[in-house]
Structure formats: C-alpha cells, structure tokens
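See below for the structure under consideration.
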Amino acid sequence: MLKPYTHEDRQKRSVIIKDNRNRNETNHLTEEELKSKDLIWKKNEIRWRLLSTGYSTHIPVEDQRATIDLAFRMWSEVTPLKFVEDLTGDIRHVDIEVEFGRGSHGNCKQDFDGQGGEVAHSWVGGNMHFDDDENYKSIKTRSTDGIYLLRIAVHEIGHVLGLPHTNKTYSIMYAIYNKLNSKPSFELNPLDRKAVQAIYGRCVCKGKFSTVLDWVRKRPDNSFIFNTYFFRDNHYWMYENHANRTRYGDPLRIAREWSGVPNLVDGYAHIWYIAGSAIVDKAYFFKGEKFYAYDSDEDSVLEGYPKDIKEGFGPMEGKTDVIPDNIDTVYFDMRDKNLYFFKHDMVYIYDPKMENGTSGCCVRIRKITEEFPPVDGEEPLPSDLDAVYYSYKDQAIYFIKDEYVWKNVKFHLRQKQIVNGVKKEGLWYNKWFDICDI
Ligand SMILES: [Ca+2]
Ligand SMILES: [Ca+2]
Ligand SMILES: [Ca+2]
Ligand SMILES: [Zn+2]
Ligand SMILES: [Zn+2]
C-alpha cells in the first residue's frame, strides 16, 4: 500500500510516510476544495483508545498514551473537535483504535514492512496503526536516533480527520519525516490549522473571565512586548497578540506561574507613568477585601501582601469615600493616570499619584454609563462587568462581560480632555481565538 523507501531517501535520513491514497494529492488543497469535501466526522466528541494488545515495545506505555493524547490535543486546540481517551468502555463506542504492530498485525489487512519504508498507516475516519519495527521514541528522548512518535501521530491524525499531504516541507502533512529537521516539540503550522479549520471550523470556546490584563515585558533590545492574559478561576491563558492566538499548551495554573496570586481574582491594574525623572511602575491584583502588589522582576507577590483595600485605597484629604471591597474589575487609565474601579453600576476614579499630594478616593464616583456613555444609538455598558483593561497593542480600553466585548472608541492616548464613547464589538470569541478550557 505504501511507497517504499528509496535509496535517495535513505541518504537524506528520511522516512517516507506517504501512502497511495494520497499519491495524487501532493499539492495543498485550497480552502474551497477542503470545504467541498465531506465532513469526515459529523460529531464533535471522538473517542480513541490505544489497544492493550498493541503497545509499542520502545516507549513506556504511559508515555505512549500521553504522546497520542498530546497529538490529539494539537488538533483539538484549533477545532471544535474533542478527543476523549476511552480506556474501558465498550470497544464498539471507540471511534479510533490505535495500535502498534510488526509485520502482520492485529486484524489489519496491510502488513508492515520491517524497519524503514512505511512507518504508520491510518484510515480517513478510522484507525491508526504504527509499525513497531520503527525505533519510535518519546519527546523526552534527546537521542538523535529513532523517530519521534508525536510527529508521526499528529500526521496520522491529520489523515484520520481527512487531510491530504501537502508539498510544504514545514507542514506536518508533508509526506516525508526528516530526522534532521525534527525537533521533539513543535506546533501546528498556520497552514495545517487553516486546513483542518476549513473542514471543521475554528474552535468556539465560551466562558466568563475573572479578569483580563496586558502584561508588559522588556525585550533584551529594550523594546516592549505586550501579551494579553485572560484569567479564569484558577487558570489563565497568555494571548500572543502578534499571532492572534493563545500560547501553545495554555491554560496554565495561576498558582504555578504567578507566585502568591490567588485564584478567582477580581481585577488587576498596572500603574505606569513618568513622574519627573522617575518611572512609577506598580502592579496590583485585587480580590475580595484584599490587594496584592506584584513584583514583576521576582515574578512574585511582594512581601507583606495582601493588604486591605480600605487601607491601601483610602479617602482623599477632606473626603470620606473609600474603594469598596469585592470590586468587579479595575484598570489604570494612561490619560489621567487614575485608577478606575468598577463595582455594580458605579465607577470609582481613584488618584494614585502620591507625588502630587492629591492621591486618594475619589476624583469622581459616577454611574458607569455616565462616565462611559455609548456612542450614538449603541447599547450602553451593562453593570457587573467582568473585566476592563487597557490594550497596549490596540491602544484601546476594552470592557468585557460574559461573552461580549465593548470598546472605548473615543479613546486617544494623548487626549488632554478625557472623552469616552463605548461601542459594543460583539462576542469576545470572535475577536480572540482558541481560548479554550481543556
Ligand atoms: Ca506481527
Ligand atoms: Ca516500516
Ligand atoms: Ca472581575
Ligand atoms: Zn501521510
Ligand atoms: Zn495496520
């Protein structure tokens, strides 16, 4: 069934994973052509099992399962498909049976050919078999010998989902496995993402955020990079704005990456401005009655925190107002260099500028819809916002509640007189992609 290994390929230390089924499909199909193909899987939840009669002898079983699972995840992260490992259910409910074998294997009609040549075969909408005469290795292996199972598995799943080969060497659907170019970990190329999304659509992931923030990092060349962080409950995603997608492998647990930051935060604010010859640069998380100062150099909450909001954000001289506990969200406005705290239908505008002697609560306390009115004919902002944040990349303020996002379209960074005008942009998942719980 498969094109044999040629002498030329052997010299390149490559392995052909091309099969006859795709012999005439080495050119990448257009999106239109892919759309016109039958949807191979007509359901979103697909069950798979690594058969206990078909384990590899090269890799520990747990590693085989983890590798196959990761390979499925690489496709599920970019589509509405969900792959579930089914270890014990009735085999008739398993959609994709995965097995390793040598020569004549399982009930398969296609014998494998020993080491070299064919390394795996699979059926569109069906099972995947791996030739265990190949020296498969896990991604934990740094040895230059052997074939990374992950790459072959991702390729074969591509076929199972209906993808043909491409003639692009950087695509995972390229027919030749090149040992020299193969790193243990990799990402789906945008071409592969587009190809599978042309058949199944993009993943649509909904949900509510605890808060959203832009995190500023300085590159070694002193330029800044702004990624957006979406926090939900006890996990978060880093959104790579330049690529318009989440970092591969996210979400991660907050506790693991943000030392001292609690789960279910209410809001975050980054105070960042120039005062005389100094740069004021402070980052705070808020939750309940407490706030947490965060040290970005140490990547940890500062010692002595959390502290009480009512102590840290008390009244201005001559006033009695304080910032309430259990805020909905907060952001720092680059125009007036004030903090905007949101709770229910109100916004509390707090001056944090110690050096002026004017700091405290509050410059104004107003209805959200008065401070941020809708532009003509648009729907006003709701109460109980989930997140408000300043996007450095877009130089814009976004308001998020449930599945919707609004933008302050009147905002300009160097505005002296503050002008606000809010317009509903629509569903946040049509703006930011692949923010999916796993
Ligand atoms: Ca056999
Ligand atoms: Ca073989
Ligand atoms: Ca919130
Ligand atoms: Zn193939
Ligand atoms: Zn087979």
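Scope of the values below: all heavy atoms of this structure, side chains included, with no hydrogens, waters or symmetry mates. Both ligands and their constituent atoms are indexed starting at 1 by order of listing.
Donor-acceptor pairing under 3.5 Å is recorded for the side chains of Asp281 and His270. Side-chain contact annotation: Asn408 with Asn420, donor-acceptor N/O pair under 3.5 Å present.
Within a 6.0 Å sphere centred on OH of Tyr404, other residues, nucleotides and ligands contribute 12 heavy atoms or fewer. For Arg364, the CZ atom sits in a packed shell: over 12 heavy atoms of surrounding residues, nucleotides or ligands are nearer than 6.0 Å.
Distance check for Ser210 against the Ca ion (ligand 3): an N/O/S atom falls below 3.0 Å.
With the Ca ion (ligand 2) as the vertex, O of Gly116 and OD1 of Asp113 span 90° to the nearest 10°. One finds an angle of 100° at the Zn ion (ligand 4) between NE2 on His155 and NE2 on His159, to the nearest 10 degrees. Annotation: angle subtended at the Ca ion (ligand 2) by Asp131 OD2 and Gly114 O is 80°, to 10°. With the Ca ion (ligand 3) as the vertex, O (Asp328) and O (Asp386) define an angle of 90°, rounded to 10°.
The CH2 atom of Trp428 sits 10.5 Å away from the CZ atom of Phe433 when rounded to the nearest 0.5 Å.
When the N, O or S atoms of Asp266 are ranked by distance to the Ca ion (ligand 3), O comes first. For Glu134, the N/O/S atom at the shortest distance from the Ca ion (ligand 2) is named OE2.
Checked against the 6.0 Å centroid criterion, the rings of Tyr389 and Tyr331 do not qualify as a close aromatic pair.
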